[in-house]
Every structure is written in structure tokens, then in C-alpha cells.
Amino acid sequence: MSRVLIVGAGLTGSICACLLRRELPNKVNIVVWDKSRGSGGRMSTSRSPNNPSCTVDLGAQYISATPYYARIHSSFYEELLAQDILKPLVAPVEDMMSKEEGIMNYVTPHGVSSIVKHYLKESGAEVLYDRHVTHIHRKDAGWEVCHKGGASQQFDVVVLTMPVPQILQLQGDVGSLMGENQRKKLEAVSYSSRYALGLFYKADARIDVPWAAKYVSNNPCIRFIAIDDKKRNLASKDCGPSVVVHTSVPFGIKHLEEEKNVVQPIILGELEKVMPELPEPDSIKCQKWRYSQVTRSVADCPGQMTLLSQPLLVCGGDGFTHSNFDGCIESALKVFDVLKSSL
């Protein structure tokens, strides 16, 4: 049994773990580490501290399938639809710009992180959180991987699925294994940055607007707002509404290095201008997305980058394709092809 470490419990890492379990069940022992306290990565669902059944999606808001990807990734869509993890988006979204004919939009009734949780569960992997990988050393025929505040562990294969700048920050042997051309390609990757606010309300709160979500074009701070329970078609008597606010990228970049407690009141002030009728929230969660969406991915790259073949060290994620559901599936499939031929 090869011991495989996947760094990153987001969508690419979780699908990769699931494919390994389904197609190579007797060959691999799968371990997933993530530096956060939970799974999902940018497919993040947050719970109200006062009512766990009140949730809000702070990252990805809905999933858009073009006819091309709906066809080539049909098995993924069919599985998630059959298990009610995905449902068609029926609620109205104001000023949504559809770039292509025939796009199908989906929402996740149980929060967008439910997709990642599904694949992690299917993988049967040992999933460990608060594991911030700092060093990777080549050791004998495998890898020694160190994380903050814990003992190092040995693995036969390592898969890195975190944002590309975090791959470049790794200490140990990773830097020396990169060819000059590979390093240049990784350093050229860029991401947008933004803030997200989740607002949770008490059960008796009412938010009367004709839309479930809307894009905002005339505000210097706010780009997108969703009444999240309405977007996911989740009306409940026991649970109050929840609202998510995404800032514009220029605002995110301008305030990127500031503390969240400084930025949150600015966003709330702008939100009041856009939605003066909003009631007082019961609690608020502020999320800084330093690496929100890939604006320039790795050039001329087939969804993954192999840094070393023996022992295998491979990188994947949306930085090697594009920032959406299908981009992550595409990368996971390419990483899995490399793993399958090596294992």
C-alpha cells in the first residue's frame, strides 16, 4: 500500500482522494491534511454561532455548467444531483451575466461545502485539520512532510492542491526540485482578492426583497449580495435568514493587508446604502479571500505539474486550470492520471 498525502481539503483534493479510493482501493492509504479547521477551501459554508442550522456560503455561490462541461463531466453532475447535493437554481438572480447559451446553474441545499464533504466521505481518507504544511524533504524512497507544531510524517506520494503562492512558500526540497521554467510558470500565476461577509439573523427576522441574489455594479465596495437561504430554496420557521456579501476585487486588493475588524464596518456601511431596510444581524462572520479566483493560471499546463516522478510529487488545483467547479474536476482527473500511472 502506498501512503499518499493530499495537501488541501478543497474540491480538487477531495475529488482526487475519492478517485484514488474508487479506482485503486487496494493500492493506497489516503491521508488529507488542511491548514484550516474544516474542509471546503473556497467552497466554504459557515454556521451561525447562535444557531448551527443557519448557514451561509462565503465562497462559491452557485455552480454553472456549460453544455461542454455538463457533457464531459456528466458522471460528477449526475452523482451529486442523484444524492440531492446539487439542485437546479430556480430562485431569481438579478443582473446575472450568462456568457454562453445553455448554461445550467445549480445550488447546494446543504451549503457548498457539502460537495467537498461528500467526496471526502467517499474517499475514506484519514482527514486531519490544523495541519499547516511548512517543509517537504526527500527522504529515502519517499517524502518527509513537516507541519506547524507537530511531528513530521513519511509518505510515498505527495499531492499539493493549495493555491500556487502557498506551494512556492514551502520550505525543504520543493524549491530545488523545480526547473527554472516550472518556477517561472508558477510565479506568473495571479489571483483576485476579496472579502466576504456572512450575516446571520434570528428566526423572526424578515428580508423582503424580490430577488434571491443580485450583482451590484454601482458601488465601490459591494459586488454581490445573496439572501442565502432563499438562493438555496431553504425557507424554515426555526431558522432565520442569512445574507452573504462579496466585495469587489479592487476593494479587496485595496484593503487586503488590513485587519478584518477594520474592514468589516466599512463593508457594513456600504451595505446599508445598498439595502437600508436590512434588519440588525444576530451575528456576523468576516472572511478574507486572499486567493479568491485565478485571474492567470499556469501557462501551457495540462491541469497539473509534476515536480518529481520518483518519488512522486505533483501539484494540482484551479491554479492549473480555471476557478470553478469544472476547473477543479479537470485538475483532479489530470492529477489522478499521473497517480494511476505511478502507482
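Computation of the quantities below employed the complete heavy-atom set of this structure, encompassing side-chain atoms and omitting hydrogens, waters and symmetry-equivalent molecules.
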Distance-only side-chain donor-acceptor flag, [X] / [Y], under 3.5 Å:
| X | Y | answer |
| --- | --- | --- |
| Asp34 | Ser36 | yes |
| Thr295 | Ser192 | no |
| Gln304 | Thr306 | yes |

Do [X] and [Y] share a hydrophobic cluster, counting only Ile, Leu, Val, Met, Phe, Trp and Tyr and linking them when any side-chain heavy atoms are less than 4.5 Å apart?
| X | Y | value |
| --- | --- | --- |
| Val56 | Val245 | no |
| Leu333 | Ile15 | yes |
| Leu256 | Val164 | no |
| Val32 | Val338 | yes |
| Val209 | Met96 | no |

* Residues that Arg42 engages under salt bridge (Lys or Arg N to Asp or Glu O under 4.0 Å), provided they are two or more places apart ->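 Counting only residues at least two positions away or on another chain, Arg42 forms a salt bridge (Lys or Arg N to Asp or Glu O under 4.0 Å) with Asp318.
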* **Option passing side-chain contact (heavy atoms from CB on, under 4.5 Å) with Arg131 (candidates Lys35, Gln153, Lys148)** => Gln153
Is the shortest side-chain heavy-atom distance between [X] and [Y] below 4.5 Å?
| X | Y | answer |
| --- | --- | --- |
| Leu5 | Trp33 | yes |
| Met305 | Ile167 | no |
| Ile225 | Leu271 | yes |
| Asn324 | Gln293 | no |
| Ile222 | Phe251 | no |
| Arg138 | Trp143 | yes |
| Asp229 | Tyr201 | no |
| Met275 | Val216 | no |

* So Phe76 and Asp326, side chain to side chain contact (heavy atoms under 4.5 Å, CB included) or not? Walk me through it. -> CA-CA 10 Å; Phe76 292 91; Asp326 289 292; over 6 Å; no
* Asked: For residues 101-126, which residue pairs qualify under ring pair (Phe, Tyr, Trp, His ring centres under 6.0 Å), counting only residues two or more places apart or in two chains?
  -> Tyr77-Tyr106
* Asked: So Val294 and His322, side chain to side chain contact (heavy atoms under 4.5 Å, CB included) or not? Walk me through it.
  -> CA-CA 6 Å; Val294 175; His322 43 96; over 6 Å; no
* Report the distance from atom CG of Asn233 to atom CG of Leu89, rounding to the nearest 0.5 Å. =>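 Nearest 0.5 Å value for the CG-CG distance: 9.0 Å.
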Salt-bridge present ([X], [Y]; N to O < 4.0 Å):
| X | Y | value |
| --- | --- | --- |
| Lys231 | Asp228 | yes |
| Arg21 | Glu122 | no |
| Lys184 | Glu187 | no |

Would you confirm whether [X], through its side chain, and [Y], through its main-chain N or O, come within 3.5 Å as a donor-acceptor pair?
| X | Y | answer |
| --- | --- | --- |
| Lys230 | Trp211 | yes |
| Ser242 | Leu199 | no |
| Ser152 | Cys146 | no |
| Thr45 | Val112 | yes |
| His255 | Pro250 | no |
| Arg47 | Cys54 | no |
| Ser48 | Asn50 | yes |
| Ser331 | Cys328 | no |

* To do: Could you check Arg232 against Gln61 for side chain to side chain contact (heavy atoms under 4.5 Å, CB included), going step by step and ending with a plain yes or no?
  => CA-CA 10 Å; Arg232 293 190 266 144; Gln61 291 297 305; over 6 Å; no
* Connected hydrophobic set around Val249, excluding itself, where side chains approach under 4.5 Å -> Ile253
* Can you list the steps and then say if Val28 with Leu339 is a side chain to side chain contact (heavy atoms under 4.5 Å, CB included)? -> CA-CA 10 Å; Val28 287; Leu339 293 168; over 6 Å; no
* So Tyr191 and Tyr291, would you call those rings parallel, tilted or perpendicular, with 30° and 60° as cut-offs? -> perpendicular
